Amino acid sequence: MMFALAFPQIDPIAIEIGPIAIRWYALAYIAGLILGWRVCLRMTKLSPSKALTTQVFDDFVFWATLGVLLGGRLGYVLFYNPVFFFENPGKIFMVWQGGMSFHGGMLGVVMAIILFAWKRGLPLFALSDLIAFVAPIGLFFGRIANFINGELYGRPTDVAWGVVFPGGGPLPRHPSQLYEAGMEGLILFILLLLLVRSGSLAKPGVISGIFLAGYGLGRLIAEFFREPDAHIGFLAGGLTMGQILSLPMLVCGLGLAVWSLRQQSASAPTSAHER
């Protein structure tokens, strides 16, 4: 008999007042946005662009919220269950029934950053670097909420820390939500923090690129432990949908980081007279 940890029975509803119920998942989104916003306000002092004031990030919170919610929902609809939602279009807006995609949310925020920077005349990569720096905060809270909800659990395992999830059958499974919270949240944030402290904000685009590549790599690894969506299963080459969507992030992120470093090198003075 395999050893397994009991799933902690945490009510997915954090606060309930009459007919109003606030779930931990919603609080995770709120906490990620608020903490990310507050950190961005402090980071404006380190940004090489004086145009990125605290007022800029006060205004961008609304844009980021729309990008996360609209992009996350549309990403889930298009990437994970397009046939179902094509047949049931009214359910597209029923977000309380679950179904958000990080990759869709990321694309939504990317679009928000591009449009916001264009409208305000702001340096694109200086803005995206600060947003990318705080993104792992929201990812951490989101994955913890996934664990509390007992969703997006891992594949069956015999490791000592395997968990029997309420909806996952009798076998213990990898707590893959916690793996992702660690890799995509905590470890990625520490890596970006070290880069910021080493002066990488002075090289616009590097932080954004490393975030994309770091998340892509972390998600690729985590998907080897995570149970694929039942209605999708494994795809070409035994890959999951999450891995297929993460591969372009890894490649584009590395490409952006390398391009940014080369741009910085090309603009650097080459002689004592040029200094």
Side-chain angles (χ1 to χ4, degrees), residues 1-8 25 28 32 71-72 75-82 98-107 132 135-192 194 209-257:
M1 181 178 296
M2 292 184 291
F3 177 78
L5 299 176
F7 179 76
Y25 200 66
Y76 179 79
V77 169
L78 296 175
F79 298 149
Y80 289 93
N81 219 338
M100 295 287 282
S101 162
F102 166 77
H103 296 93
M106 182 207 68
L107 290 174
I137 298 173
L139 287 167
F140 176 81
F141 284 111
R143 294 310 181 192
I144 296 297
N146 289 148
F147 180 78
I148 291 174
N149 287 346
E151 61 190 4
L152 306 183
Y153 42 72
R155 305 178 193 182
T157 181
D158 59 358
V159 297
W161 55 88
V163 176
V164 178
F165 290 92
L171 296 176
R173 295 176 175 273
H174 284 287
S176 55
Q177 314 97 321
L178 301 184
Y179 299 172
E180 291 192 68
M183 288 189 291
E184 303 161 11
L186 184 60
I187 294 175
L188 185 52
F189 180 77
I190 292 173
L191 172 61
L192 296 180
L194 292 175
I210 296 301
F211 165 74
L212 291 174
Y215 177 87
L217 179 61
R219 182 68 181 267
L220 281 168
I221 295 172
E223 287 284 331
F224 285 112
F225 301 95
R226 178 170 160 178
E227 184 75 14
D229 295 81
H231 62 286
I232 297 178
F234 293 97
L235 302 174
L239 297 176
T240 65
M241 178 60 77
Q243 288 174 319
I244 289 176
L245 293 173
S246 296
L247 278 170
M249 286 186 65
L250 175 58
V251 174
C252 292
L254 290 175
L256 175 57

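Not measured: the values here are computed from a predicted model. Every heavy atom of this structure was used, including side-chain atoms; hydrogens, water molecules and symmetry mates were not.
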Would you compute the distance between atom [atom1] of [X] and atom [atom2] of [Y] and round it to the nearest 0.5 angstrom?
| X | Y | atom1 | atom2 | result |
| --- | --- | --- | --- | --- |
| L220 | I244 | CG | CD1 | 10.5 Å |
| I232 | N81 | CD1 | CG | 7.0 Å |
| D229 | L152 | CG | CG | 7.5 Å |

* Asked: Taking the side chain as C-beta and beyond, is there a heavy-atom pair between T240 and F234 under 4.5 Å?
  -> yes
* Asked: Are P136 and F211 side-chain neighbours, meaning at least one heavy-atom pair lies under 4.5 Å?
  -> yes
Distance-minimising heavy-atom pair for [X] and [Y]:
| X | Y | value |
| --- | --- | --- |
| P228 | G233 | CB-O, 3.8 Å |
| I210 | L192 | CG2-CD2, 3.9 Å |
| P156 | E227 | CD-OE1, 3.8 Å |
| M183 | G218 | CE-O, 3.5 Å |
| L256 | G209 | CD2-N, 3.7 Å |

* Asked: Any salt bridge (Lys or Arg N to Asp or Glu O under 4.0 Å) pairs touching residues 239-249, not counting sequence neighbours?
  -> none
* Report the residues that fulfil side chain to side chain contact (heavy atoms under 4.5 Å, CB included) with F79, sequence neighbours left out, ordered by chain and then residue number. => S101, H103, L107, L245
* Asked: Looking only at atom types and distance, does a side-chain atom of S176 sit under 3.5 Å from a main-chain N or O of R155, one as donor and one as acceptor?
  -> no
List, one per line, each side-chain donor-acceptor pair under 3.5 Å for residues 162-172, sequence neighbours excluded.
none

Side-chain polar contacts of residues 247-254 - donor-acceptor pairs under 3.5 angstrom, sequence neighbours left out - could you list them?
none

* To do: Determine, step by step, whether Q243 and R226 satisfy the side chain to side chain contact (heavy atoms under 4.5 Å, CB included) criterion, reporting the C-alpha distance in whole Å, the side-chain angles of both residues, the deciding distance to 0.1 Å, and the verdict.
  => CA-CA 11 Å; Q243 288 174 319; R226 178 170 160 178; over 6 Å; no
* Evaluate the side chain to side chain contact (heavy atoms under 4.5 Å, CB included) criterion for residues N149 and Q177: first the C-alpha distance (whole Å), next the side-chain angles of each, then the deciding distance (0.1 Å), finally the verdict. => CA-CA 10 Å; N149 287 346; Q177 314 97 321; over 6 Å; no
Ignoring hydrogens and angles, write down the donor-acceptor pairs under 3.5 Å from the side chains of residues 138-146, residues two or more places apart or on other chains.
| from | atom 1 | to | atom 2 | distance (Å) |
| --- | --- | --- | --- | --- |
| R143 | NE | E180 | OE1 | 3.3 |
| R143 | NE | E184 | OE1 | 3.3 |
| R143 | NH1 | N146 | OD1 | 3.1 |
| R143 | NH2 | E180 | OE1 | 3.2 |
| N146 | ND2 | E151 | OE2 | 2.8 |

* **Partner set under ring pair (Phe, Tyr, Trp, His ring centres under 6.0 Å) for F225, not counting sequence neighbours** => H174, Y179
